[in-house]
2 protein chains.
Amino acid sequence: MSDHYHHGNLRQALIDAGIKIINESGEAGLSLRKVASACEVSHAAPYAHFRDKEALIGAMKASVTDRFMEELNDATKDQPDTECALVAMGRRYVSFFIRHPDYFRFLFSSQNLIAHLQTDRQYPDDYPPFTLLKETYLKYLKEKKIKKSKKEQEIEILQLWASAHGLASIACMSGVSVSFDWETEIEGEVLLR
Amino acid sequence: MSDHYHHGNLRQALIDAGIKIINESGEAGLSLRKVASACEVSHAAPYAHFRDKEALIGAMKASVTDRFMEELNDATKDQPDTECALVAMGRRYVSFFIRHPDYFRFLFSSQNLIAHLQTDRQYPDDYPPFTLLKETYLKYLKEKKIKKSKKEQEIEILQLWASAHGLASIACMSGVSVSFDWETEIEGEVLLR
DNA sequence: ACACAAATCTTTACATTGTCAAGATGTGTT
DNA sequence: AACACATCTTGACAATGTAAAGATTTGTGT
């Protein structure tokens, strides 16, 4: 294996280059050929690794989602109890996208949100960040010994997610910075202030 | 003025044709040339009415937003009091986008959310649906004689909006239909079930 | 009614882009 | 060494956004 870039990890290089472009010029500035030339390969080289542009974008989204998940997991570390973890996760959820508005637009934009999920999966139930939120919430109920019906649980999870996601949406779609704070209460109220 | 299509209202025809394409093939299938040929004009004809593709898209978004506003306004008609109006509006907010998921993706997708707003305006404060929600909420406070600080009011408005918008987002981004119900309580809890 | 200016539309042209096909090059395996 | 395979390049093509130049229609003032 030569130590030249293109042997062994072009696939990952393309993903990284694509994400860099997103950061600099948004999804509008993303073209297969630019990504290729950023990696110093010919314009058709990506086709050895991705079926088409959609596939590249899918891999990029998966990669960004991984980074997002790392942050969410990180937010729950060193929290005294699960309630704090929930709150911290909500805060981080919004703050991540405030720091990376281009990621928000990229992930939740355009036609193919679910491109990086298997076709038999459904959003948001099999979307990792949602799953993490759900798990943490259920752990929280167990820890506090709170009994709720399945239906009620689903509703409150959607509530939590919708609040965080909706707020992130507002923050990312506006130029304005949105100050926020997140608290959860037992009976299912969600406060963002 | 001949009664041929292209004299007098090509501008509106282009907007309508564009929206029709969005409904059929999503934003991916939208090209200036297709819009032009749908109106039976040459591919460069749109440039007499729109500076570029972005401008057309902006006008299309404004048009879709108008339809959305009509529905929101309609939802508040014939409601006994402002609280009911608020609830009805929230329901309609989500239901509109459940019925028109392509509109959601179109409006809140891609790079240029704010394309159809003046540059000196800010999202969501000058986004008509948000303004309407805000006004209705303030009217509700007044009607119920509820006193709240400006800050608290802003928080709760954001809360309302984030819940509705986040839920619409979930519903539109997933293939799954999301059943929901919307209730507001005085102390700022938002329930969607 | 006429002339002229502005708006509107067409034609032509060009650069960018996604994708395909055919071939070259390198890698690993037997 | 030989062969299969993955990877990369080159060349081509159609779709697209956009600019330039010209044609056509519309409106306005005289």
Side-chain angles (χ1 to χ4, degrees), chain A residues 1-61 105-106 109-113 115-116, chain B residues 1-61 105-106 109-113 115-116:
Chain A
M1 124 189 51
S2 70
D3 59 0
H4 280 36
Y5 205 27
H6 325 135
H7 300 126
N9 55 357
L10 211 210
R11 187 191 154 89
Q12 190 59 43
L14 290 167
I15 292 174
D16 294 340
I19 292 176
K20 185 186 252 179
I21 290 179
I22 293 284
N23 278 323
E24 289 161 358
S25 0
E27 192 169 0
L30 185 76
S31 83
L32 264 185
R33 293 170 106 106
K34 278 182 197 160
V35 173
S37 91
C39 295
E40 295 178 307
V41 292
S42 78
H43 62 262
Y47 284 87
H49 301 273
F50 302 100
R51 191 164 30 77
D52 54 11
K53 192 188 182 187
E54 283 304 58
L56 205 213
I57 289 180
M60 286 168 57
K61 285 187 177 176
R105 282 187 279 265
F106 176 55
S109 253
S110 71
Q111 25 293 358
N112 59 329
L113 207 206
H116 58 297
Chain B
M1 127 186 47
S2 70
D3 60 358
H4 279 33
Y5 205 25
H6 324 137
H7 300 125
N9 55 357
L10 212 210
R11 187 191 153 88
Q12 189 59 44
L14 291 168
I15 292 173
D16 294 340
I19 291 175
K20 184 186 254 179
I21 290 179
I22 293 285
N23 277 324
E24 290 162 356
S25 1
E27 192 168 2
L30 184 76
S31 83
L32 264 185
R33 293 169 106 106
K34 279 182 196 160
V35 173
S37 91
C39 296
E40 294 178 307
V41 291
S42 78
H43 62 261
Y47 285 87
H49 301 274
F50 301 100
R51 190 165 30 76
D52 54 12
K53 192 187 181 185
E54 281 305 62
L56 205 214
I57 289 180
M60 286 168 56
K61 285 187 177 176
R105 283 185 279 265
F106 176 55
S109 254
S110 71
Q111 24 293 358
N112 59 330
L113 208 205
H116 58 296

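Hydrogens, waters and symmetry mates play no part in the numbers below; they use all other heavy atoms, side chains included. We name chains A, B, ... by the order of the sequence lines, and we start the count at 1 in each one.
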Exercise. Rounding to a whole Å, what distance do you find between Arg33(A):CZ and dT9(D):C1'?
Worked result: 12 Å

Exercise. For the pair made of OH in Tyr47(B) and C1' in dA21(D), what is the distance, rounded to whole Å?
Worked result: 16 Å

For this session: Name all residues meeting the side-chain contact (heavy atoms from CB on, under 4.5 Å) criterion together with Lys34(B); count only those two or more places apart in sequence or in a different chain, and write none if there are none.
Result: Ile21(B), Ser31(B)

Problem set entry | Rounded interatomic separation in angstrom, taking CG from Asn9(B) and C1' from dT26(D) | 15 Å

For this session: Round to a whole Å and report the spacing from NZ of Lys34(B) to C1' of dT16(D).
Result: 10 Å

Exercise. What nucleotide among dT8(C), dT10(C), dA12(D) has an atom nearest to a side-chain atom of Ala44(B)?
Worked result: dT10(C)

Exercise. Checking all strands, does His49(B) fall into the base, sugar-phosphate, or nothing category for heavy-atom contacts under 4.0 angstrom?
Worked result: sugar-phosphate

Problem set entry | Euclidean distance, atom CD of residue Glu40(B) to atom P of dT10(C) [Å, nearest integer] | 10 Å

Exercise. Excluding sequence neighbours, so at least two apart, what forms side-chain hydrogen bond (donor to acceptor under 3.5 Å, both in side chains) with Asp52(B)?
Worked result: none

Exercise. Are the side chain of Lys53(A) and the backbone of Leu30(A) linked by a donor-acceptor contact shorter than 3.5 Å?
Worked result: yes

Problem set entry | Separation of atom CG in Leu32(A) from atom C1' in dA15(D), rounded to whole Å | 15 Å

Problem set entry | Leu10(B) CG - dT25(D) P separation (whole Å) | 15 Å

For this session: Using only side-chain N and O atoms of Lys53(A), determine if any of them is under 4.0 Å from OP1 or OP2 of dT17(C).
Result: no

Exercise. What is the distance from CD of Gln12(B) to C1' of dT8(C), rounded to the nearest Å?
Worked result: 17 Å

